[in-house]
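Just below is one structure, and these are the notes that go with it.
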2 protein chains.
Amino acid sequence: MTTGRVAQRRAATRAAILDAAWELAHESGLGEIGMRPLAAKLGMAASSLYEYFSGKDAIYDAMFIQGNEALRDEYRHLRDADKTNPREVLIDAARRFIEFCDADHARFQLLFQRSIPGWQPSAEAYAIAVANLEEMRGHMAYIGIADDASADMWTALTSGLASQQVANDPGGDRWLRLVEEAVDMFLTTRGVDE
Amino acid sequence: MTTGRVAQRRAATRAAILDAAWELAHESGLGEIGMRPLAAKLGMAASSLYEYFSGKDAIYDAMFIQGNEALRDEYRHLRDADKTNPREVLIDAARRFIEFCDADHARFQLLFQRSIPGWQPSAEAYAIAVANLEEMRGHMAYIGIADDASADMWTALTSGLASQQVANDPGGDRWLRLVEEAVDMFLTTRGVDE
DNA sequence: GTCTATACACCGATAGAC
DNA sequence: GTCTATCGGTGTATAGAC
């Protein structure tokens, strides 16, 4: 499993391409990533990009994976945290999720909205997103909320708060500051004591 | 204010173009509307489209307006309904909104997600969307929920339910059936008796 | 008004030389 | 691996016949 120097070089170039793609996404919008501008940013010919990615869709796919890995790392904090207080766990989870979404609008669009015409994540990429959802369900089960309806209500509540925050008050806290209230509201109808 | 025969003919052609655009959006996706395919669907030359719309963005704009007018019509049912029972009003509003979103995925993307690269609704088009939000806030004020935080919580809750329903169970009821529970949850923390 | 024809600048993708 | 050249497509625009 030793990655040779060639493979390392290849991986480094792939990483550089993805970094430049994120830059373009932040500058001009997620949908405005073009192969030629992307190549220009890296000082290479557009056709050379196809040496590292099979096409534009594969670049979006790799970005989708990177974004979900970042979310997974965010959830790792939950795993390591003290989980004796369900209310605190959920508040922490919701805050982290909303802040994660608001921190990078392009990433939010890529991960949670179907924002690129004609593009869909590959099965492999989607699997990571599913694993993240499963991790969140695991945390909820741990604090005593295990039924499907509650999990669905939680995803609706947190994704709603996040999407409103990102779309209507980016960088602010108009919905972020509703997290405590939302969690209390959620818990009081769930038979879990605070 | 009498619209002459020429103006009527013009309006009819404009409407036909928008109908064809919606068809294309349903067939191939909202972002895949092309001027040449659109013209072909209507049996006209692509250049003739510019006689009726200044460009592709103007077509998206007109579609955005049509979508928001449809939502406004949906809210008219609320205005005409018996509003003595707050719980029933909110359940009806949430159900109608989720069903409205799920009924037309392309319309949902256009109205509530920034799904077309580089496109934004014009100020005139956006005003209708704002008016719809105001109408919803008016209904909530009528049943005794007037504070901003509650209105924000309501938009987060309903938009979250709708987006989850559309994205993860289109045509189904996995989140739609949570509406009663969501409304009860919302009301019990709002000091409004059922 | 609507058509054809043409032009421009861009796009993703590919072929083939080096 | 990287390049140049090219293909067919796009949105947009214009000229000019009917």
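Throughout, protein chains are lettered first and strands after them, A, B, ... in sequence-line order, and every chain is numbered starting at 1.
B:R190 has a carboxylate O that lies under 4.0 Å from a charged side-chain N of A:E181, or vice versa, which qualifies the two as a salt bridge. With salt bridges taken as basic N to acidic carboxylate O contacts below 4.0 Å, one links A:D148 and A:R137. Taking 4.0 Å as the cut-off between side-chain N and carboxylate O, B:R95 and B:E180 count as a salt-bridged pair.
Placement of A:L42 and A:F53 within a single hydrophobic cluster is found when ILVMFWY residues are connected by side-chain heavy-atom separations under 4.5 Å, directly or transitively.
Whole-Å rounding puts the A:L38 CG to C:dG12 P distance at 9 Å. Spacing between atom CD of A:E32 and atom P of D:dG11 amounts to 14 Å, rounded to whole angstrom units. Whole-Å rounding puts the A:I17 CD1 to D:dG1 C1' distance at 12 Å.
Among the atoms of the strands shown, only primed sugar atoms or phosphate atoms (P, OP1, OP2) are found under 4.0 Å from some heavy atom of A:P37. Backbone-only engagement by B:I33 is indicated by non-hydrogen atom pairs under 4.0 Å involving sugar-phosphate atoms exclusively. Counting any heavy atom pair closer than 4.0 Å across all strands shown, A:G118 reaches no nucleic acid atom.
Comparing B:T13 and A:M35 against DNA chain C, the residue whose closest nucleotide sits nearer the 5' end is B:T13.
Interface remark: the A:R36 side chain does form a donor-acceptor pair with the C:dG12 base, using a distance-only criterion of under 3.5 Å.
Cation-pi check for B:R79 over B:Y142 is not met; the charged atom does not lie both under 6.0 angstrom from the ring centroid and within 45 degrees of its normal.
Residues of residues 46-61 of chain B having a heavy atom closer than 4.0 Å to DNA chain D, listed by number: B:S47, B:Y50, B:S54, B:G55, B:K56.
The two atoms that bring B:N168 and B:P170 nearest to each other are C-CD, 3.6 Å, heavy atoms only.
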